[in-house]
Every structure is written in structure tokens, then in C-alpha cells.
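The residues of the chain are indexed from 1 along the displayed sequence.
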Amino acid sequence: MLNQRSDKVELLRIAEAVAAEKSIDTEIILSSMELAIQKAAKTRFGSENDIRAKIDRESGDISLHKVLTIAEVPENLDTEISLEHAKKIKNKENFKVGDEIYEELPPVDFGRIAAQTARQVITQNVRAAERERQYNEFIGKKDEILSGIVKRLEYGNVIIDLNRSESIIRKEELIPREVLKTGDRIKAYCYDVIRENKGQQIFLSRAHPKFMEKLFFQEVPEIYDGIIEIKSSARDPGSRAKISVSSKD
């Protein structure tokens with residue numbers, strides 16, 4: 001456990017630094033740290049116990065408690081306690097069945113194995129939060145044109161670096177006879193974003209009819225301002241295209 005004031009302040013600084021680096025909420029980092037401390041504490045006090053850790057958001061102080069739920073007839077003495085016993089040890093008369101009581105645990109040095117477990121929990125939660133942030137960010141960009149850099153070519157598909165995330169242009173979504181090289185900056189239409197266990201999949205297209213429409217919207221001021229409206233479009237990528245527009249005046 002952290003005992004020195006400087007260590008506690010450093011803990012909060014680390015949480016803020018990781019949150020800034022990953023573009024996620026500091027609260028997610030601190031909650032992950034609490035879960036990690038709880039998991040590590042169970043290796044010291046026993047996995048059968050309900051142990052909860054709390055990091056003070058202002059001071060960095062860490063408190064560790066064993067939680068017992070008041071039951072009429074306790075069945076698991078590791079997690080339950082009778083109403084009569086609870087009133088005696090806490091000297092309170094207003095307890096009722098279902099309430100929780102907290103027994104403070106002493107600070108401990110968790111050791112190397114427990115520290116490793118804590119790091120794994122924090123890493124897993126940070127990665128999950130980062131994946132969720134990226135998904136939420138890109139699901140809002142579906143049906144838009146995105147700009148990125150060609151990162152690599154894989155079996156005819158093109159992997160695009162979108163800064164902190166990757167997307168894919170499948171072979172059939174490329175413009176025929178178009179030659180792309182690693183390092184090229186390109187624009188493409190985002191037609192789908194799928195949530196997966198390892199992160200979101202972002203699908204781009206340079207052959208989709210909407211790609212041309214969105215380019216017109218970006219590049220033609222009259223369409224952007226709503227003076228001209230796109231009615232329909234058709235496209236043979238790399239060969240010809242047709243777009244129907246009308247004036248709103």
C-alpha cells in the first residue's frame with residue numbers, strides 16, 4: 001500500500017497522465033485502480049471475502065474494507081453477519097436486514113504477485129475504456145468522409161491510419177486501377193462501424209456512390225449552403241459518374 005504523502009499524490013498524477021494519454025475519463029483510471037487493489041487484497045485476506053478499496057479523489061488516501069451484509073440467518077460468515085452481531089460490533093441500533101457494514105482492514109504490502117495482478121486489471125480496464133471511447137467516437141462519423149494515411153497493403157485491402165485507430169478499405173471498395181502506396185494521404189467514405197471484442201472495425205470505401213455525394217457537399221459551396229440539393233447519384237468507379245441536382249430557389 002502507499003503510505004507516504006508523496007506516493008499518494010503521485011498516484012493521482014499517474015491516473016491523470018494515463019487518462020490524458022488515452023483520452024479517457026480520469027475516473028475510469030481511478031476505478032480501475034480500486035478494482036486492482038481489491039483483487040490484490042483478496043490474495044492477502046482471502047478470495048472468499050468481499051473486499052472494497054476506495055481512493056480519495058482529493059488526497060490520494062487509500063482505504064480498504066471488508067464488507068458484510070446483514071442477514072436474518074447468515075449462511076456465509078465470510079460475507080454475511082447477523083443483525084444482533086452487527087449492532088454489537090458497530091454499536092448502532094438503527095441497522096436493518098440488507099444493510100452493509102464495513103470493517104476497516106490494515107494497509108498491507110501486497111507483494112510482487114499481487115502487484116502484477118493489479119497491473120493486469122488496470123491494463124485490461126484501460127484498454128476496454130479506450131476501445132469504448134474509440135467506438136463512440138467513430139460511430140458518430142458513420143456516413144461521413146474520413147481522411148487518413150495508407151499504413152499498409154494486405155491481400156489487396158488497404159489499411160488506413162486514422163490517428164489512434166485503424167480502418168480498412170476492402171479490395172472491392174477501391175477505385176479500379178487506382179494505385180495506392182504506403183504513406184499516401186487519402187479520403188474515403190465511412191459506410192460502417194462494427195463493435196468487436198478487440199475493438200471497433202471501421203469500414204471505408206472509395207467506390208461507394210455516397211463518396212461522390214459527400215465530396216460534392218464538401219467542395220461545392222452551393223451544396224454545402226443548401227442552395228443546391230443532390231437528388232440522386234450513380235457511379236461506375238474509375239470510369240464515369242452521374243449526379244442529379246436541383247435548386248431550392
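With hydrogens and angles ignored, the 3.5 Å screen pairs a side-chain donor or acceptor of Gln38 with a backbone N or O of Ala53. At least one donor-acceptor pair closer than 3.5 Å links the side chain of Asp184 to the backbone N or O of Lys181. The backbone N or O of Val67 sits nowhere less than 3.5 Å from a side-chain atom of His65 that would complete a donor-acceptor pair. When atom types are taken as modelled, the side chain of Thr43 and the backbone of Ala40 share a donor-acceptor pair closer than 3.5 angstrom. In this structure, Glu80 contributes its side chain and Asn76 its backbone to a donor-acceptor pair below 3.5 Å. Proximity of a side-chain donor or acceptor of Asp161 to a complementary backbone N or O of Ile149 within less than 3.5 Å is not detected. The main-chain N or O of Phe95 is never found under 3.5 Å from a side-chain atom of Asp99 such that the two would form a donor-acceptor pair.
In this structure, Arg185 CZ and Ile160 CD1 are separated by 10.0 Å, a value rounded to the nearest 0.5 Å. In this structure, the separation between CD1 on Ile202 and CG on Leu146 is 7.5 Å, given to the nearest 0.5 Å. Rounding to the nearest 0.5 Å gives a distance of 12.5 Å between CD of Gln201 and OH of Tyr135. For the atom pair OG1 (Thr79) and CD (Glu75), the distance works out to 9.5 Å, reported to the nearest 0.5 Å. With values rounded to the nearest 0.5 angstrom, Leu64 atom CG is found 6.0 Å from Ile51 atom CD1. Taken to the nearest 0.5 Å, the CZ atom of Arg131 stands 12.0 Å off from the OG atom of Ser165.
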Q.
Run Glu178 and Leu180 through side chain to side chain contact (heavy atoms under 4.5 Å, CB included) and show every step you take.
A. CA-CA 6 Å; Glu178 181 179 35; Leu180 295 176; 3.9 Å; yes

Q.
Working note: Asp50 + Arg52, criterion salt bridge (charged side-chain N to carboxylate O under 4.0 Å, His left out); need CA distance, chi angles, decisive distance, verdict.
A. CA-CA 7 Å; Asp50 182 4; Arg52 299 181 197 175; 3.1 Å; yes

Q.
Assess the residue pair Glu104 and Tyr102 against the criterion (side chain to side chain donor-acceptor pair (under 3.5 Å)); give the C-alpha distance rounded to whole Å, side-chain angles, the decisive distance to 0.1 Å, and a yes or no.
A. CA-CA 6 Å; Glu104 188 170 1; Tyr102 293 76; over 6 Å; no

Q: With side chain to side chain donor-acceptor pair (under 3.5 Å) as the test, would you mind laying out the steps for Lys66 and Asn49 before giving the verdict?
A: CA-CA 7 Å; Lys66 176 180 177 179; Asn49 294 301; 3.2 Å; yes

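Between Ile37 and Leu35 the shortest side-chain heavy-atom distance does not fall below 4.5 Å. Here the side chains of Ser63 and Lys54 are in contact, with some heavy-atom distance below 4.5 Å. Between Ile55 and Arg57 there is a side-chain heavy-atom pair separated by less than 4.5 Å. For the pair Val158/Glu173, no side-chain contact is recorded, criterion being any heavy-atom separation below 4.5 Å from C-beta on. Side-chain contact between Phe203 and Ile168 is present, with heavy atoms from C-beta onward closer than 4.5 Å. In this structure the side chain of Leu68 never reaches within 4.5 angstrom of the side chain of Glu100, judged on heavy atoms. Counting only heavy atoms from C-beta outward, the side chains of Ile186 and Ile169 approach each other to under 4.5 Å. The closest side-chain heavy-atom distance from Glu166 to Leu162 is not below 4.5 Å.
Listed here is the closest heavy atom pair of Ser205 and His208: OG-N, 2.9 Å. Shortest non-hydrogen contact noted between Arg206 and Lys187 is NH1-O, 2.6 Å. Across all their heavy atoms, Leu83 and Ile70 have their closest contact at CA-CG2, 3.6 Å. Between Ala207 and Leu174, the shortest heavy-atom distance links the atoms CB-O, 4.0 Å. Heavy-atom minimum distance, Ala188 versus Leu204: CB-CB, 3.7 Å. Closest of all the heavy-atom pairs between Asp25 and Ala19 is C-CB, 4.0 Å.
Judged purely by distance below 3.5 Å, without hydrogens or angles, the side chains of Arg152 and Thr182 never pair a donor atom with an acceptor atom.
By the neighbour-count criterion of 12 heavy atoms within 6.0 Å, atom CD of Glu154 is densely surrounded, having more than that number from other residues, nucleotides or ligands.
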